[in-house]
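Read through the structure below, which is laid out as structure tokens, and then see the notes.
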There are 2 protein chains.
Amino acid sequence: MKYVLKVAYDGTNYAGWQVQKNAATIQGALESAVKGLTGCDAVVTGSGRTDAGVHAKGQVCCFSADCTIPPERMADALNSYLPDDISVLDCVEGDAAFDPVRSAKRKTYAYKIYNAPHRDPLRMRYFNHIAQDIDTHALFKAATFFTGIHDFKAYCASGSSAKTTIREIYNIGVDVAETMYGREITIYVTGGGFLYNMVRTIVGTMVGYSFGIISKDRILLSLETGERKLAGKTFAAKGLCLQSVEYELDPFDPDKEPIKDHVIFSIPNDDMPQ
Amino acid sequence: MKYVLKVAYDGTNYAGWQVQKNAATIQGALESAVKGLTGCDAVVTGSGRTDAGVHAKGQVCCFSADCTIPPERMADALNSYLPDDISVLDCVEGDAAFDPVRSAKRKTYAYKIYNAPHRDPLRMRYFNHIAQDIDTHALFKAATFFTGIHDFKAYCASGSSAKTTIREIYNIGVDVAETMYGREITIYVTGGGFLYNMVRTIVGTMVGYSFGIISKDRILLSLETGERKLAGKTFAAKGLCLQSVEYELDPFDPDKEPIKDHVIFSIPNDDMPQ
């Protein structure tokens with residue numbers, strides 16, 4: 001049977017999604033759990049890779065195994081074989097045509113910033129702490145520079161092997177919550193695939209703009225010329241979380257409205273880790 | 001100079017507040033930071049102890065040191081000597097009469113429960129995961145059984161040396177937030193001092209009531225007789241956080257309305273860890 005899983009993880013202690021020799025990975029932990037539960041040497045295929053230290057609330061992946069466990073029992077069964085920092089949230093039977101990479105239409109990453117004079121130990125794991133006061137209105141404005149179809153070559157860490165550096169950002173949402181001691185800022189980036197570390201570099205550039213370090217003209221020039229040095233810092237992995245992966249037909253909720261197809265800008269097969 | 005600090009910490013990797021031989025503690029880490037910064041062997045006195053694994057957002061403590069660092073620079077200065085899981089949020093100069101224990105009027109603890117079929121790796125550190133569906137209306141009702149002045153002997157873990165087991169709970173607030181995958185329940189308990197593990201046992205009993213395992217009569221009888229076996233489980237430390245310690249005059253905000261004095265039920269000197 002082909003099982004489709006929705007998986008959440010705390011990426012702190014992992015070298016990313018993809019199986020590596022001599023390093024703990026999310027994919028490796030899931031494949032070990034499948035092996036422990038079913039005895040099968042299945043490959044667990046993810047919707048895409050996440051980089052070392054990046055978290056996920058809604059990673060989608062699948063595996064095929066010669067196994068009679070009904071899908072609705074699979075989350076509990078696998079969770080008893082998984083460490084506490086990985087959890088299967090949902091499982092359904094996938095049809096033969098479902099491919100977690102090729103069928104994916106868009107992904108949303110969330111980047112969390114804790115903006116307060118002093119660090120908060122209870123937010124250190126999932127937030128990037130920035131002490132300097134951020135002009136949140138400037139963040140709203142910066143979001144508009146990146147939405148749409150652009151050549152994001154300047155927002156791609158070296159080591160990328162992407163065939164094209166053109167991508168479409170459907171939306172960048174900025175959510176600001178004031179708390180007693182400081183501000184929680186969450187930047188949601190939704191796109192049809194991303195270059196290597198692109199989300200973290202867009203966020204670093206948006207914050208650079210809000211501080212007045214990077215001008216609007218420089219950002220527009222970075223998108224025109226593709227010069228990496230015009231873009232801002234690549235922010236730390238720990239603030240980033242893969243929120244959701246969406247499909248034309250939601251495998252977990254068949255009643256959901258199908259997503260309009262983006263013929264050109266569907267997520268490419270060489271989608272890079274964030 | 002006498003410095004009064006507001007401190008937050010992630011208690012996961014500590015054997016509690018109080019200095020112990022051969023174990024990492026919050027007090028020990030703070031005293032090391034003071035020593036590193038000022039060269040002084042100061043004792044850092046907390047408003048009370050927290051138990052192993054318990055977190056804090058608003059612990060209050062103080063120390064005296066022969067040192068010229070102005071209070072408004074002390075948080076940053078100490079934070080550079082502290083590990084990431086402890087942070088000084090605020091610092092003011094304390095007057096001679098201020099005693100973080102004796103001057104305290106009430107404390108609020110927050111207990112967090114993640115109530116969802118499957119565990120969430122991003123909530124494992126600060127939430128107690130309960131898979132069985134909790135009747136939140138029953139929690140609201142259970143809160144009323146404990147508020148007021150009671151003999152909480154049945155809600156006191158063994159090993160306590162408290163002189164009296166009578167305490168006053170001023171308020172128990174239950175906050176429920178529904179999320180896509182499950183429910184976050186936060187139980188806020190405000191009182192004038194607590195017996196050993198009292199908050200965690202009250203919360204365990206409230207949840208036992210919501211499951212129909214512990215009846216109202218049994219709870220009332222537990223408060224009458226002080227029999228420990230009538231009360232519920234002592235819930236895990238990781239869900240608990242010391243939210244705030246309040247003083248008649250807030251040392252961090254002198255303009256704040258003074259708290260009405262509770263002559264009998266001020267926090268006792270032998271207030272026990274939660």
Side-chain angles (χ1 to χ4, degrees), chain A residues 5-14 26 29-30 54-59 72-80 82-91 110 112 114 116-129 131 179-182 236 238-244 252-253, chain B residues 5-14 26 29-30 54-59 72-80 82-91 110 112 114 116-129 131 179-182 236 238-244 252-253:
Chain A
L5 310 175
K6 187 168 286 184
V7 178
Y9 45 86
D10 178 328
T12 310
N13 298 325
Y14 294 91
I26 310 295
L30 285 165
V54 172
H55 316 292
K57 283 193 172 176
Q59 171 70 288
E72 64 273 18
R73 292 283 312 128
M74 187 52 91
D76 277 337
L78 279 176
N79 284 342
S80 66
L82 284 165
D84 275 357
D85 52 8
I86 304 177
S87 177
V88 179
L89 302 177
D90 204 352
C91 179
K112 289 186 166 193
Y114 180 58
H118 307 295
R119 65 172 181 253
D120 177 358
L122 303 175
R123 289 192 178 88
M124 289 305 285
R125 236 172 142 88
Y126 308 117
F127 287 78
N128 189 357
H129 173 232
T179 75
M180 198 161 66
Y181 289 108
K238 68 174 184 174
L240 191 66
C241 182
L242 174 57
Q243 290 288 114
S244 60
F252 303 100
D253 185 0
Chain B
L5 311 175
K6 187 168 284 183
V7 178
Y9 44 86
D10 177 328
T12 309
N13 298 324
Y14 294 91
I26 309 296
L30 285 165
V54 173
H55 316 293
K57 282 192 171 175
Q59 171 70 288
E72 63 274 17
R73 291 284 311 127
M74 187 51 91
D76 277 338
L78 279 176
N79 284 341
S80 67
L82 284 166
D84 275 356
D85 52 9
I86 303 178
S87 178
V88 179
L89 303 177
D90 205 351
C91 179
K112 290 185 165 192
Y114 180 58
H118 308 296
R119 65 172 181 252
D120 177 357
L122 303 175
R123 288 191 178 90
M124 289 305 283
R125 235 173 143 88
Y126 309 117
F127 287 79
N128 189 358
H129 174 233
T179 75
M180 198 161 65
Y181 288 108
K238 69 174 183 172
L240 191 66
C241 182
L242 174 57
Q243 291 288 113
S244 60
F252 303 100
D253 185 1

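By convention in this document, chain letters (A, B, ...) are assigned in the order of the sequence lines, proteins followed by strands, and residues within each chain are numbered from 1.
- Taking every heavy atom of both residues into account, Pro121(A) and Ala8(B) meet most closely at CG-O, 3.2 Å.
- The shortest distance between side-chain heavy atoms of His118(B) and Asp76(A) falls below 4.5 Å.
- With rounding to the nearest 0.5 angstrom, the CG atom of Asp120(A) is 9.5 Å from the CG atom of Asp10(B).
- Listed by chain and residue number, nothing satisfies the salt bridge (Lys or Arg N to Asp or Glu O under 4.0 Å) test with Asp90(B) (two or more places apart in sequence, or in another chain).
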Subject >> Derivation of the side chain to side chain contact (heavy atoms under 4.5 Å, CB included) call for Leu122(B) and Lys57(A) >> reply: CA-CA 8 Å; Leu122(B) 303 175; Lys57(A) 283 193 172 176; 3.4 Å; yes
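- If you measure heavy-atom distances from Ile86(B) to chain A, the contacts under 4.5 Å come from the backbone alone.
- With a 4.5 angstrom heavy-atom cutoff, Ala56(B) touches chain A only via backbone atoms.
- Listed by chain and number, the residues in a salt bridge (Lys or Arg N to Asp or Glu O under 4.0 Å) with Asp85(A) amount to none (sequence neighbours excluded).
- Side-chain contact between Arg119(B) and Asn79(A) is present, with at least one heavy-atom pair separated by less than 4.5 Å.
- For the atom pair CZ (Arg123(B)) and OH (Tyr126(A)), the distance works out to 10.0 Å, reported to the nearest 0.5 Å.
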